[in-house]
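Just so we're clear, the structure is a prediction, and the values are computed from it rather than from any experiment.
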Amino acid sequence: MSAPDLTHDGARSFRGAAFKAFFALCAFLSVLTTLAIIATLLYDAVDFFAVVSPVEFFTGTQWTPSNEVYGVWPLISGTLIITIGSALIALPIGLLTAIYLSEYASERRRAYLKPALEVLAGVPTVVYGYFALVYITPALDRIFPIGTFNALSASIMVGIMIIPMVSSISEDAMSAVPDSLRQASYGLGATKFTVSTSVVVPSALSGILSSYILALSRAIGETMIVAIAAGQTPKMMDLTDPGGMFLESVQTMTAAMVQIGQSDVVGQSTEYKSLFAVGLTLFVLTFAMNLFSEWVSSRYREVYR
């Protein structure tokens, strides 16, 4: 009987420990990067709020940094307009696409359609922005009286951009639904449409809702499309004219950050430090939505476990 190869076992143990340390280092660097971003935003945002009252910043309805008026609500309003518009496009189309890929498409079609759809996620956003400005806006101008920069064309392109996120995550969630639920419904005489909408979609609700929230977080943080196509006009949302607000130029939080960052303001001026205050506000919004996505996913996963 041969003796165990202690050298080989020791080498395997060493490799396992090395890989474990490497993976732990990667995780640590990810957390460290996030903490560094938060610290950077807080450092300059605190200096900004030492000059500008937080109450004025979070309740003000005018944003004109050149006149030292810093009310963030017009920027939040513009961001919400773009997010709502893109959601009206991406959420239903993405869900219906996911239903087709999961329940109706053959394996061969799914093998071609899903990668082709996900190519949309790899297109640079600056390309989307120029496409909206050069093609979408002139086409819309034949129907609506819009200007060169408007929220509608930007919303359309942001919606198209986030469709792959909704459809891919939702399709993965639907594909994870056990086939036994489908077969039981077919055994009761249900049609494919009934099975898809009344069995599969409710069973995959946690993944679908998570895809919605993550896609909306992506829309909130979009920069180049809105900076190019939506314009640089901060204004409050007019709830009395919900249709008209999409036909005018707006400014989102990300577009305002781009405008300040590219301007000739002094590095230590209040206007420059407002960039970090807006960035911190945007970070808190997206972080809260991601936490909500995790809560929704865990909450509904318990129901269908």
Side-chain angles (χ1 to χ4, degrees), residues 1-46 94 98 101-102 107 110-125 161-181 200 203-223 254 257 276 279-305:
M1 182 175 182
S2 60
D5 190 350
L6 299 180
T7 303
H8 180 69
D9 292 341
R12 291 184 59 185
S13 300
F14 175 77
R15 287 197 299 268
F19 282 124
K20 180 180 179 181
F22 176 73
F23 295 147
L25 177 62
C26 291
F28 175 75
L29 288 177
S30 300
V31 175
L32 184 63
T33 301
T34 303
L35 294 177
I37 293 174
I38 296 174
T40 302
L41 291 174
L42 282 174
Y43 181 80
D44 287 291
V46 168
L101 291 174
S102 174
E107 291 293 335
R110 188 183 300 113
Y112 288 103
L113 290 177
K114 190 172 182 179
L117 181 65
E118 292 177 348
V119 168
L120 291 174
V123 177
T125 57
M161 181 194 68
I162 64 177
I163 284 176
M165 181 177 293
V166 176
S167 62
S168 180
I169 299 176
S170 298
E171 193 270 335
D172 290 340
M174 293 178 189
S175 298
V177 174
D179 285 336
S180 59
L181 295 179
V200 177
S203 299
L205 190 60
S206 62
I208 295 172
L209 292 179
S210 296
S211 73
Y212 282 1
I213 298 171
L214 292 175
L216 293 181
S217 298
R218 179 68 179 86
I220 290 175
E222 173 51 35
T223 303
T254 53
M257 294 172 66
F276 296 92
L280 183 62
T281 304
L282 181 63
F283 177 85
V284 171
L285 286 176
T286 54
F287 184 69
M289 292 188 68
N290 289 337
L291 289 179
F292 182 66
S293 173
E294 290 294 328
W295 178 83
V296 168
S297 179
S298 62
R299 173 66 178 86
Y300 285 94
R301 186 180 298 121
E302 294 177 358
V303 175
Y304 297 109
R305 181 177 296 171

Side chains of residues 207-216: which donor-acceptor partners sit under 3.5 Å, not counting sequence neighbours?
{"residue": "S210", "atom": "OG", "partner": "S206", "partner atom": "O", "Å": "2.8"}
{"residue": "S211", "atom": "OG", "partner": "S170", "partner atom": "OG", "Å": "2.9"}
{"residue": "S211", "atom": "OG", "partner": "I208", "partner atom": "O", "Å": "2.6"}

Could you go through residues 22-38 and list every donor-acceptor pair under 3.5 Å that involves a side-chain atom there, pairing it with any protein atom two or more places apart or in another chain?
{"residue": "S30", "atom": "OG", "partner": "C26", "partner atom": "O", "Å": "3.0"}
{"residue": "T33", "atom": "OG1", "partner": "L29", "partner atom": "O", "Å": "2.7"}
{"residue": "T34", "atom": "OG1", "partner": "S30", "partner atom": "O", "Å": "3.1"}

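Residues that satisfy the ring-ring contact (aromatic ring centres under 6.0 Å, His included) test with Y43, not counting sequence neighbours, are absent from this structure. The side chain to side chain donor-acceptor pair (under 3.5 Å) search around S167 returns none, not counting sequence neighbours. Scanning for side-chain contact (heavy atoms from CB on, under 4.5 Å) contacts around I220 gives T79, T83, L282, T286, M289, with sequence neighbours left out. L181 pairs by the side-chain contact (heavy atoms from CB on, under 4.5 Å) definition with V177, P178, V199, S203, not counting sequence neighbours. By the side-chain contact (heavy atoms from CB on, under 4.5 Å) test, S168 pairs with K114, E118, D172, sequence neighbours left out. Partners of T40 under the side-chain contact (heavy atoms from CB on, under 4.5 Å) rule, at least two apart in sequence or in another chain, are F276.
The line from CG of N290 to CG of L285 is 11.0 Å long, rounded to the nearest 0.5 Å.
Side chains of T125 and T223 form no contact here, defined as non-hydrogen atoms less than 4.5 Å apart.
Closest of all the heavy-atom pairs between G221 and T254 is O-CG2, 3.6 Å. Shown here for R110 and S102, the closest heavy-atom pair between the two residues is NH2-O, 3.6 Å.
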Quick one, M174 with E171, criterion side-chain contact (heavy atoms from CB on, under 4.5 Å). Give me CA distance, side-chain angles, the key distance, then yes/no.
CA-CA 5 Å; M174 293 178 189; E171 193 270 335; 5.7 Å; no
